[in-house]
Amino acid sequence: MTTEYTKVFQDAEAVDKYEHVTYAPDSYASQINERQQAYLRKLVQREFGAKLPVQHDFACGTGRAIRTLHGLVSEAHGYDTSAEMMAKAEQVGSRAQWHQIPADGPVPNPVPAGHPAIVTMFRLLLNVDESIRDRAIAFAGKVLPTPDAGVLVVENHGNAGSLRHLRARRHNGERWFAELSHAEVQALLDRHGFEIVERRGFSMLTESLNKNPVARAADAAARALPGTDGFAVNVLYTARRKG
């Protein structure tokens, strides 16, 4: 994670705002989270069946991805640079073992917890620079050394092929408006020996458009159509280590 992330989320008020304001009920972020949760639980059940995997959640924040998979994993481990984030995760009921990691330096070592495993990375790629993205995916490679070791699920919450990109020129140079294309995510995974096996989109709308009930109805209809994932603002990629 970046130094800025670590500094911001050393503040308990910022952590509390992230958990209870950004993800307030019926907010844009919480709506997407609910859709992701339903998808991710089905994915784990389909992928692993009765053999519960170990979850390694990198950049775990307040443990939202960990709570998503409660009851479907044998154990969970959360890794983050912010002790305050992990304290909040514990407070709101995320059940895991917590591991504070340095913001930079060598690739962190995952806890040796066996296989199969699922590595989750949510709201990370756009909040860090390329070197930290590489460090994160290299961490996943340590957890998942072979194709049968499990799967990696990575979120891109600013797809450059979506409606959000129309605002890119206006916000050029503003760090918060980072975006990644599908090709860039694919290249990142590819250079660490991963191949994408599934891609799923969760909203065609930007946060401002999501406030319009007519637009929300159109979004729901569009998401049901095959082939629309490429135009979603928020996308999950499921990847497996190459053979």
Side-chain angles (χ1 to χ4, degrees), residues 1-12 14-15 18-19 22-23 33 36-37 40 43-44 48 52-145 149-157 185 188-189 192-194 236-241:
M1 280 64 83
T2 62
T3 303
E4 290 80 4
Y5 170 92
T6 306
K7 287 180 178 178
V8 167
F9 290 113
Q10 284 178 349
D11 177 58
V15 172
Y18 177 82
E19 178 63 23
T22 302
Y23 281 94
N33 180 69
Q36 290 177 336
Q37 178 174 338
L40 200 56
L43 171 72
V44 168
F48 300 103
L52 303 183
V54 176
Q55 182 181 12
H56 297 266
D57 189 29
F58 194 82
C60 62
T62 59
R64 194 163 298 276
I66 287 170
R67 296 197 298 279
T68 287
L69 294 184
H70 277 174
L72 294 181
V73 298
S74 58
E75 59 185 277
H77 296 271
Y79 306 80
D80 205 285
T81 61
S82 169
E84 286 72 17
M85 277 291 214
M86 292 186 287
K88 175 60 74 173
E90 186 81 22
Q91 181 185 334
V92 298
S94 305
R95 299 191 296 272
Q97 297 178 47
W98 309 107
H99 311 280
Q100 189 171 6
I101 57 174
D104 51 25
V107 177
N109 289 316
V111 173
H115 296 104
I118 178 169
V119 180
T120 47
M121 295 182 186
F122 281 70
R123 297 187 75 89
L124 171 67
L125 297 188
L126 298 189
N127 296 330
V128 297
D129 60 29
E130 187 174 9
S131 66
I132 302 299
R133 290 178 200 139
D134 279 306
R135 184 171 178 258
I137 304 302
F139 169 86
K142 287 188 173 185
V143 179
L144 304 169
V151 295
L152 164 65
V153 180
V154 179
E155 180 185 36
N156 174 9
H157 62 286
V185 175
L188 169 65
L189 295 172
H192 291 279
F194 284 94
L236 289 185
Y237 304 83
T238 301
R240 190 182 299 279
R241 203 68 185 269

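As the structure is a computational prediction, the values presented were derived from the model and not from experiment.
Atom CG of Asp104 is separated from atom CD1 of Ile132 by 6.0 Å, given to the nearest 0.5 angstrom. Considering CE of Met86 and CD of Gln91, their distance stands at 14.5 Å, rounded to 0.5 Å. For the atom pair Arg135 CZ and His192 NE2, the distance stands at 12.0 Å (nearest 0.5 Å). In this structure, Lys88 NZ and Thr62 OG1 are separated by 8.5 Å, a value rounded to the nearest 0.5 Å.
Put simply, the side chain of Pro53 reaches to within 4.5 Å of the side chain of Val44, judged on heavy atoms. Taking the side chain as every heavy atom from C-beta outward, Val153 and Val119 never approach each other to under 4.5 Å. Side-chain contact between Phe122 and Leu236: present, with at least one pair of heavy atoms (C-beta onward) separated by less than 4.5 Å. Ile137 has its side chain within reach of Leu152: a pair of non-hydrogen atoms, C-beta onward, lies under 4.5 Å apart. Residues Pro110 and Phe139 meet the side-chain proximity criterion, which asks for heavy atoms closer than 4.5 Å. The closest side-chain heavy-atom distance from Ile118 to Phe48 is below 4.5 Å. Put simply, the side chain of Arg240 does not reach to within 4.5 Å of the side chain of Phe194, judged on heavy atoms. For the pair Met121/Cys60, no side-chain contact is recorded, criterion being any heavy-atom separation below 4.5 Å from C-beta on.
The shortest heavy-atom contact between Val73 and Ala76 is CG2-CB, 4.4 Å. Summarising the geometry of Val54 relative to Gly114, their closest heavy-atom pair is CG2-O, 4.2 Å, with the distance given to 0.1 Å. Ala239 and Leu189 make their closest contact through CB-CD1, 4.2 Å (heavy atoms, listed as atom of the first residue, atom of the second, distance). For Ala117 against Leu144, the heavy-atom pair with the smallest separation is O-CD2, 3.7 Å.
Judged by distance alone, with hydrogens and angles left aside, the side-chain atoms of His56 form no donor-acceptor pair with the main-chain N or O of Tyr79 at under 3.5 Å. Between the side chain of Arg95 and the backbone N or O of Ile66, no donor-acceptor pair lies under 3.5 Å. Glu155 contributes a side-chain N or O that, together with a main-chain N or O of Arg123, makes up a donor-acceptor pair within less than 3.5 Å. The main-chain N or O of Ala89 is found under 3.5 Å from a side-chain atom of Ser94 such that the two form a donor-acceptor pair.
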Assess whether side chain to side chain contact (heavy atoms under 4.5 Å, CB included) is satisfied between Asn127 and His157, documenting all intermediate values.
-> CA-CA 10 Å; Asn127 296 330; His157 62 286; 4.1 Å; yes
Gln36 and Thr68: side chain to side chain contact (heavy atoms under 4.5 Å, CB included), yes or no, with the steps?
-> CA-CA 9 Å; Gln36 290 177 336; Thr68 287; over 6 Å; no
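In summary, the side chains of Thr120 and Gln55 do present a donor paired with an acceptor at a separation below 3.5 Å, with no hydrogens or angles considered. Residues Asp80 and Ser82 bring no donor and acceptor atom of their side chains to less than 3.5 Å of each other. When only modelled atom types and interatomic distance are considered, Asp57 and His77 share no side-chain donor-acceptor pair under 3.5 Å.
For the salt bridge (charged side-chain N to carboxylate O under 4.0 Å, His left out) test, no residue two or more places apart in sequence or in another chain qualifies with Arg241.
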